[in-house]
Amino acid sequence: MPVIAPNRRSEAEARLADALAHLKRTADGVQFLSHAEFLLSAGMLLAQLHLAEGITNRESEELVSRTLIAMCRAQEHTLAQFEARLQRSQTEKLKLPKKIFHLLATIRANRHFLSKNKDFLSVKIDGVQVRLAKDFPKKANIDALKVGDHKIDMRSSLPYVPVWATVKARSELEAADRCMAAIKATLGCVNLMLNHGSERHHSGRQLPKNRVRLVGDQVVFRADWSCFQDYFFYEDESERPERWPTDLDEALKDRREPLIDALAKLNDRVFGKLLIEAMQDYHEALSHVDSALVHVRLWGLLERLTNTHLEESKVTVRRATFLSTRTELRRTRLRHAAEARH
């Protein structure tokens, strides 16, 4: 989880204390549900000071939600009780044994080249094995995937390339977070190699800059490829269908080695986590069509990489260009970007 500055502890405590005090005055199930979003946001802010590094965002939301529900049932309303319950829940979570999980997804791209390649790409990122492959795993009976009355058809978005990730995790929540982070970091590196040239348009409409994006459902499986019947999530980044989907083999034939080198750097002991988050954010930002939103997200990424999110934009510009061979040109461009951002 990201760590907030210690000087924000008082703000986090004050927000949660106000929420708990209000809950104490109107402590019943209906009132809890009506204020659940505010309670959760206040609890999440304070939880960032307490939860261990290994707890993912999705897991932290689950822990905070369960802690607040337990406090409501026990009529507990103090910060000390919240922190004690949260610590106990975290300790229990970290003691769970790790199991193998798979997350299966698809990306929109041509796959003609895969007739001669079993795996187009296989890379390990932060303990997660990511594969772009010829076809879906044989053990995953994807034609029978169904959650309740919802039929999951992973073959509906032709043309597609299957992508799946395998990881050891304590729960399907942790597995989903880590697998999606690794997949998006991988796609971020792929798109970094492809995102050159002018803006992309189709029939006069602007397209997302990313040429390779997730499409359809992402499903979590157990080690034996049996599906969690109550767990899948939907994250479709293909905002409009591509008329000419990318042929990965053709597009990356001269960039395969640089791509492998870039992916290898994501496992750097010192900067690996920062680079994974950067590539993930880069991929997510450029999967949007709204240019203003893309601009805001990319500038935020630049601030994170230069550690200047609390500084003026001129500091961001200076740090971002200090190694450039064309310093003045790049500084001028970034100054214009900063003005547009603010």
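Note that the structure is predicted; figures quoted are calculated from it, not measured.
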Worksheet entry | Stepwise side-chain contact (heavy atoms from CB on, under 4.5 Å) test for V123 and I260 | CA-CA 8 Å; V123 63; I260 297 299; over 6 Å; no
Practice prompt. Verify side-chain contact (heavy atoms from CB on, under 4.5 Å) between L132 and I107, making sure each step is shown before the conclusion.
Written response: CA-CA 9 Å; L132 276 68; I107 58 175; 3.8 Å; yes
Worksheet item: After noting the C-alpha distance and the side-chain angles of R131 and L121, does the key distance pass the side-chain contact (heavy atoms from CB on, under 4.5 Å) rule?
Response: CA-CA 6 Å; R131 294 182 179 88; L121 183 67; over 6 Å; no
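The closest donor-acceptor contact from the side chain of R255 to the backbone of M193 lies under 3.5 Å. Formation of a donor-acceptor pair under 3.5 Å by the T106 side chain with backbone atoms of V215 is found in this model. N191 contributes no side-chain N or O that, together with a main-chain N or O of H283, makes up a donor-acceptor pair within less than 3.5 Å. With R85 contributing its side chain and R66 its backbone, the two residues share no donor-acceptor pair below 3.5 Å. With H102 contributing its side chain and A223 its backbone, the two residues share a donor-acceptor pair below 3.5 Å. In this structure, D290 contributes its side chain and A292 its backbone to a donor-acceptor pair below 3.5 Å. A donor-acceptor pair under 3.5 Å is formed between the side chain of N267 and the backbone N or O of K124.
In this structure, W164 and W225 have perpendicular ring planes: the angle between them is above 60°, well past the 30° mark.
Taking a cutoff of 4.0 Å between a charged side-chain nitrogen and a carboxylate oxygen, E59 and R170 qualify as a salt bridge. Between E92 and R88, none of the side-chain N atoms (NZ, or NE/NH1/NH2) sits under 4.0 Å from a carboxylate O, so this pair counts as no salt bridge. D281 and K184 are not joined by a salt bridge, as no carboxylate oxygen comes within less than 4.0 angstrom of a charged side-chain nitrogen. Between E174 and K93 there is no salt bridge, since none of the side-chain N atoms of the basic residue sits less than 4.0 Å from a carboxylate O of the acidic one.
Between atom CG of residue L263 and atom CD1 of residue I276 there is a gap of 10.0 Å, rounded to the nearest 0.5 Å. Summarising the geometry, atom OG1 belonging to T67 is positioned 10.0 Å from atom CD belonging to E62; distances are rounded to the nearest 0.5 Å. F101 contributes atom CZ, which lies 12.0 Å from atom OG1 of T166 (distance to the nearest 0.5 angstrom). D126 contributes atom CG, which lies 5.5 Å from atom CZ of R178 (distance to the nearest 0.5 angstrom). For the atom pair CD of E303 and OG1 of T316, the computed distance is 5.0 Å after rounding to the nearest 0.5 Å. Distance CG/D177 to CG/L103: 10.0 Å, rounded to 0.5 Å.
Pairing each heavy atom of S89 with each of L63, the nearest pair is CB-CD2, 3.8 Å. Closest heavy-atom contact between R222 and C227: NH1-O, 3.3 Å. Closest non-hydrogen pair, V315 versus E311, comes out as CB-CB, 3.9 Å. Pairing each heavy atom of V167 with each of C179, the nearest pair is CG1-SG, 3.5 Å.
In this structure the side chain of Y282 reaches within 4.5 angstrom of the side chain of L301, judged on heavy atoms. Contact check for F136 versus L104: side-chain heavy atoms found under the 4.5 Å cut-off. Under the 4.5 Å side-chain criterion, counting only non-hydrogen atoms from C-beta, L192 is in contact with M279. Residues L274 and R304 are in side-chain contact: their nearest non-hydrogen atoms beyond the backbone lie under 4.5 Å apart. Looking at R108 and V212, their side chains never come closer than 4.5 Å, going by heavy atoms from C-beta outward. L214 is listed as a side-chain neighbour of M180, based on a closest heavy-atom distance under 4.5 Å. Between R297 and E284, some side-chain heavy-atom pair lies under the 4.5 Å cut-off.
F271 is connected to L266 through a chain of hydrophobic side-chain contacts under 4.5 Å among Ile, Leu, Val, Met, Phe, Trp and Tyr, so both are in one cluster. With hydrophobic clusters built from ILVMFWY side chains whose heavy atoms lie under 4.5 angstrom apart, L305 shares a cluster with V270. Put simply, L86 and L94 are part of the same group of oily side chains (I, L, V, M, F, W, Y) that touch within less than 4.5 Å, one to the next.
For S122 and Q129, the side-chain atoms include at least one donor-acceptor pair closer than 3.5 Å. Of the N and O atoms on the side chains of Q87 and Q90, at least one donor lies less than 3.5 Å from an acceptor on the other residue.
Remark: V317 pairs with W299, R331, L334, R335 by the side chain to side chain contact (heavy atoms under 4.5 Å, CB included) rule, at least two apart or across chains.
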